[in-house]
Number of protein chains: 2
Amino acid sequence: MEPGRGDGAAKLSCEIGYATDKEDGLLRASDVSTVTIDDVARLAGVSIKTVSRVLNREPYVRDSTRERVEAAAAQLDYTPNVSARALAGGRSYLIALYYDNPSPGYVGQIEQGAMAACRRAGHHLIVEEMLEMGAGVQDSIAAFHARVRPDGVILTPPLCDRPELLAALDAVNAAYVRIAPSWGLERSPYVYMDDREAAYEMTAYLQSLGHRDIAFIGGPLDHVAAARRTEGFSDAMAAAGLAVGPGRIQRGEFSFRSGWEAGERLLQDPQRRPTAIFAGNDDMALGVMAVANRLHIEIPRDLTLVGFDDSPSAQVVWPQLTTVRQPTAEMAAVAADILIKRKAADKDARGRLLDFKLVIRESSGPPRGAGAAS
Amino acid sequence: MEPGRGDGAAKLSCEIGYATDKEDGLLRASDVSTVTIDDVARLAGVSIKTVSRVLNREPYVRDSTRERVEAAAAQLDYTPNVSARALAGGRSYLIALYYDNPSPGYVGQIEQGAMAACRRAGHHLIVEEMLEMGAGVQDSIAAFHARVRPDGVILTPPLCDRPELLAALDAVNAAYVRIAPSWGLERSPYVYMDDREAAYEMTAYLQSLGHRDIAFIGGPLDHVAAARRTEGFSDAMAAAGLAVGPGRIQRGEFSFRSGWEAGERLLQDPQRRPTAIFAGNDDMALGVMAVANRLHIEIPRDLTLVGFDDSPSAQVVWPQLTTVRQPTAEMAAVAADILIKRKAADKDARGRLLDFKLVIRESSGPPRGAGAAS
DNA sequence: TTCGCGACTGACAGCGCTGTCCGAGGTGGC
DNA sequence: GCCACCTCGGACAGCGCTGTCAGTCGCGAA
């Protein structure tokens, strides 16, 4: 059935043979003869098991032996086969990334961070989109883990807050790390950043520019990170002794449209416009920007506008958006590392805090008519 | 070392046991006792091999037997283990997706399409970012294939046009499908859409709105799809008997910045502005939009602006961008299907053509002062 | 009735690797 | 100088599944 699968000949492992079949229409199977662990063992003059020990960094291998084995492996370009390892040992060398549907830019960042960490450790990333809700999730998770047995799972928000999902993972006894979870911090290791502090700093930055009448557009009520951003804004205003006027804190849904609507409420009346608007995420900031364009309010001359996330779109508008860069990729990398090392956060907490960064671009400036910044 | 790995007890497969170890700091290993193929065989009263036959849809299984096995499998929630299958049979049930660095939105779409196709077929998607160039690629591809042995590889543009990469894949005899390749169409199956036709139709749409002085911003010279878009534009203008004035075809790099620059050249002189600009991709269209905003040119009243790609940002600006939707996800799904079925495109060609779609949004309208459309 | 053939099923041997267990040396203490 | 102990290396049995091959059964043809 499979053409070109040499039977006895396949034993002559060392040589690299290219399959010669060119059967029309049939995709070539990858039946290049492989170098196996006992090729390495033979070349190094040791037993298979010793090679395995070197590979797995087990103790009790003489340095000289270790080096000989490593040299042999390098010479043959030997790489252990993941399936065989998974089958024999407990580990699959696969890390799964689950996501539902946050912005593609966000997921992309997460993916890259996780992938980098995996690559460093000889693991691989396998991506799963979890769309269905409710009971279906349990089944598909159970099935996935029975099939693949990933060494660990990375959960992105808002997925990482769904209780059925966590329950399903617990049921198959999977190791998982959550990124920026909103609750149940005791349930698993997690990685996060300080949203409150970031919002606080951004607000302080606006104040340092000379703004006193600053509006904030928050996110969904059930979104803990969003709440903490609002908190940071309020705290910073209070700390500076600045009043937050009525209607100066709007609620949005983290969408362009909701940002637009909040922007209209804030900017409609020329008499009551704030000099700066701090949107709880970039998408909403872009909504505000669209309103401003329509009303011929020039940014940053007439209005300072800042966002949060540093999404790709933030650089693809004019003026480019001042925003907060989340350490998204790093968070994913740390999460992957935790899973690969099979150790929860090294010391004290199970949560790992990473740093954000203010990204000052062109959409922010001193308020109109202000002299130098305070 | 591994706690809780019952030795003899592990044979009592049917029951689901949750590991009880709660060793502090140590992530739980997934050592839930598994239901294996011989549990199913026992329950169905057949041999392991027969279960395997049913699983793999092999012929020569009596219908009644098949049903009994399927019932048993369903009752036990049995799912075959991928690693074991990979080790024993030739197939890994893993499809790899290689990408370098196109826009995250694009990759996200590709991923989703490929993932959906994989899921339908009981496969999984494993994502690899190929950053390094040159010789490094060869090694890392060889290593990856030795480790993972994916059943097939999906190559996205512009990756799919790199000869060293194709050579490396050929060397390990991997099956791959390319998405929108620019050259070497005979080297592998591929999936694509008709960029020329899409650009032609978009141009015709602009003409139908009443535009006669239309400018086009093309892409990089070596980008075949870009060239075909330019071609479609030119052909449509010629077909309508419309002249393309000097400087009306600009070249960009598919980036926001290059769109901006082209936009400045096109819009700087109020006397010589086109009534419509067709940008070769959305990012460049957004660059033009930024220039227009700055110059207080109102879209679509003073200028019609359209893009190509339907990237996520296209909806996150105001006015929302009229553009061409590429069947990105479908292309990836088709690519995955080809690899899973292990058959090149069914009949005639190795290339599979998919349909695009014009997405009319708010950035396009009749030229200023025009009455009804022609 | 016997033969032959196609339909169907099962025993068996691995795939490439790791965990377990055991045994051979070497080392140091008394 | 002997034994206990530590250090290191190898034999062996699978992990869970599939390919191969050798059957067994039933049924129409000879």
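Lettering of chains follows the sequences in order, A, B, ..., and the numbering in each one begins at 1.
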(message) Ring-plane angle category for A:Tyr98 and A:His145, please: parallel below 30°, perpendicular beyond 60°, tilted otherwise.
(response) perpendicular
(message) Does a side-chain N or O of A:Tyr78 approach OP1 or OP2 of C:dC17 to a distance below 4.0 Å, or not?
(response) yes
(request) Find the distance A:Tyr93:OH to C:dC17:C1' and express it as a whole number of Å. (result) 10 Å
(message) Go nucleotide by nucleotide along DNA chain D from the 5' end; which of B:Arg53 and B:Asn81 gets its closest nucleotide reached first?
(response) B:Asn81
(message) For a quick test of reading the model: is some side-chain N or O of B:Thr36 closer than 4.0 Å to OP1 or OP2 of D:dG16?
(response) no
(message) Just the rounded figure in Å: distance from P of C:dC17 to CZ of B:Arg149.
(response) 8 Å
(request) Respond yes when some side-chain nitrogen or oxygen of A:Arg85 is under 4.0 Å from OP1 or OP2 of C:dT18, and no when none is. (result) yes
(request) Quickly work out the B:Arg62 CZ to D:dT24 C1' distance and round it to whole Å. (result) 11 Å
(request) Evaluate side-chain contact (heavy atoms from CB on, under 4.5 Å) for A:Asp337 paired with A:Arg120, printing each intermediate quantity in order. (result) CA-CA 9 Å; A:Asp337 274 335; A:Arg120 280 194 294 273; 4.1 Å; yes
(message) Looking at A:Tyr93, I'd like to know if the NZ or CZ of A:Arg91 sits under 6.0 Å from its six-membered ring centre while staying within 45 degrees of the ring's axis.
(response) yes
(request) Compare side-chain N and O positions of A:Thr50 against OP1 and OP2 of D:dG10 and report whether any pair is under 4.0 Å apart. (result) yes
(request) Whole angstrom is fine here: how far is it from CD1 in A:Ile37 over to C1' in C:dG19? (result) 13 Å
(request) Find the distance A:Leu87:CG to D:dT18:P and express it as a whole number of Å. (result) 12 Å
(message) Tell me whether the side-chain N/O atoms of A:Asn56 come closer than 4.0 Å to OP1 or OP2 in C:dT18.
(response) yes
(request) May I ask you to say whether A:Glu186 pairs ionically with A:Arg350, meaning some side-chain N is under 4.0 Å from a carboxylate O? (result) no
(message) If we ignore hydrogens and angles and just use 3.5 Å, is the side chain of A:Asn56 paired with the main-chain N or O of A:Glu58 as donor and acceptor?
(response) no
(request) Give the rounded distance in Å between these two atoms: CD of A:Glu67 and P of D:dC8. (result) 14 Å
(message) What's A:Thr65 touching, base or sugar-phosphate or nothing? Going by heavy atoms closer than 4.0 Å.
(response) sugar-phosphate
(request) Check the distance between D:dT7's P and A:Arg66's CZ and give it to me in whole angstrom. (result) 14 Å
(message) Nearest whole Å is fine: how far is D:dG16 P from B:Lys49 NZ?
(response) 18 Å
(request) Determine: side-chain N/O of A:Ser52 to OP1/OP2 of C:dC17, distance under 4.0 Å, yes or no. (result) no
(request) Using heavy atoms to find the nearest nucleotide of DNA chain C for B:Ile48 and B:Ala86 separately, return the residue whose nucleotide is more 5′. (result) B:Ile48
(request) Go through C:dT9, C:dG19, D:dG10 for me and flag the one nearest to the A:Ser47 side chain. (result) D:dG10
